[in-house]
Amino acid sequence: MRRKLVVANWKMHGSIAQNQQLFDAFKQKLAPIDNVDFAVCVPYPYLFQAQVVLSGTNIAWGAQNVGKYPVGAYTGEVAASMLKDFDATYVILGHSERSTAYCESGENIAAKFVTAKNAGLTPVLCVGETLQEREAGMEQQVVAEQLDALLLSQGGAVFEHAVVSYEPIWAIGTGLSATPDQAQAMHEFIRARIAGYDADAANSLRILYGGSVNPVNASQLLVMQDIDGGLIGRCSLDANDFEKICLAAAAVR
Ligand SMILES: O=C(CO)COP(=O)(O)O
């Protein structure tokens, strides 16, 4: 079985004081759990704080975006090597809150994915469909296209040691999670699609589910065969809720 991974996506929340409290609570609550990997993806300005506070713990840290170029005159962008400077492990890419609000294309996200990997970061690639697309029965086609932006240009090996997160857009921040069966079906589809290019990469790939995961639904989702963890938004801003989700991941045998 693949080792579970639970990632907190703090989005654009936090302050130095608030983060300190959450980090301290996470450290204390998650320290005894030794069969799950954890990470917190913070806004860029708090990477240094994450590095200082989380070094030496069982919680990794990361960012929520990265520039697609390694270095240069790109005002406002942050390079993958800069994230590595703060010992970041993960970077979330292609989150729908970015791809819709900032018009990120599949090629752009693919370029960021490759840049991140080349710098030694673990990309967490978000894929998922809108409610309209699901209602039209197009969810697999949409997710296939999102994966193909990488598969067609890079092949399947690019997913080795990477992470994909299935985040149906209709489930993000709505309180309406995908059912375990809906999520499992899409996770299986994602793994099979990647296996068509590289079976080893697909087998080792961790596929997270994100979208209204909470302490109540976490255990039913995380027990599914192809659900290797969660990408948690709202409930990662509450240490008790986050702990319960992490314990649900740890309880899966
Ligand atoms: O967007 C998400 C994680 O990246 C999910 O957010 P919520 O858990 O708040 O639905």
Side-chain angles (χ1 to χ4, degrees), residues 4-14 18-19 22 26 36-44 46-47 50 59-66 83 88-102 104 109 112-113 116 121-131 133-134 139 142-143 146-147 162-180 182-183 186-187 190 205-222 224 227-249:
K4 299 263 190 238
L5 166 66
V6 182
V7 180
N9 175 8
W10 281 0
K11 307 190 179 184
M12 199 174 70
H13 293 286
Q18 284 170 7
N19 302 346
L22 266 183
F26 281 17
V36 176
D37 291 333
F38 303 113
V40 184
C41 288
V42 298
Y44 289 138
Y46 302 128
L47 275 171
I59 309 170
W61 56 95
Q64 303 166 15
N65 185 29
V66 73
L83 303 185
T89 301
Y90 296 95
V91 60
I92 296 171
L93 295 175
H95 195 287
S96 59
E97 286 159 9
R98 292 198 54 78
S99 42
T100 30
Y102 302 101
E104 274 209 281
I109 296 163
K112 290 179 175 189
F113 188 105
L121 292 160
T122 300
V124 179
L125 175 73
C126 298
V127 297
E129 79 287 355
T130 64
L131 184 59
E133 289 161 343
R134 178 163 279 267
E139 67 272 15
V142 168
V143 169
Q146 291 165 344
L147 294 172
V163 176
V164 170
S165 186
Y166 171 51
E167 303 214 320
I169 295 170
W170 47 271
I172 296 174
T174 60
L176 180 74
S177 161
T179 65
Q182 283 173 325
M186 183 60 87
H187 283 227
I190 291 168
L205 177 73
R206 288 194 284 191
I207 308 178
L208 312 183
Y209 169 77
S212 295
V213 178
N214 61 42
V216 176
N217 62 23
S219 41
Q220 291 140 1
L221 288 160
L222 292 169
M224 304 306 282
I227 302 187
D228 305 313
L231 183 55
I232 318 298
R234 188 177 51 82
C235 286
S236 71
L237 298 168
D238 179 308
N240 290 324
D241 282 353
F242 193 64
E243 179 193 24
K244 287 182 190 139
I245 294 168
C246 294
L247 286 170

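Numbering of ligands and ligand atoms starts at 1, following listing order. Sequential numbering from 1 along the given sequence is applied to the chain's residues.
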Legend entry - Asn9 side chain to Gly233 backbone, donor-acceptor under 3.5 Å: no
Legend entry - Within the protein, residues bringing a heavy atom under 4.0 Å of ligand 1, chain by chain: Asn9, Lys11, His95, Glu167, Ala171, Ile172, Gly173, Gly211, Ser212, Leu231, Gly233, Arg234
Inset, instruction - Under the side chain to side chain contact (heavy atoms under 4.5 Å, CB included) rule, what do Tyr166 and Glu129 come out as? Steps first, then yes or no, please. - result: CA-CA 9 Å; Tyr166 171 51; Glu129 79 287 355; 2.9 Å; yes
Legend entry - Option among Leu121, Val66, Val163 that satisfies the side chain to side chain contact (heavy atoms under 4.5 Å, CB included) test with Leu93: Val66
Legend entry - Stepwise side chain to side chain donor-acceptor pair (under 3.5 Å) test for His95 and Glu167: CA-CA 8 Å; His95 195 287; Glu167 303 214 320; 3.0 Å; yes
Inset, instruction - Return yes if some donor-acceptor pair links the side-chain N/O of Lys4 with the main-chain N/O of Phe38 below 3.5 Å, else return no. - result: no
Inset, instruction - Fit a plane to each ring of Tyr209 and His187, take the angle between them on a 0 to 90° scale, and name the class: parallel (under 30°), tilted (30 to 60°) or perpendicular (over 60°). - result: tilted
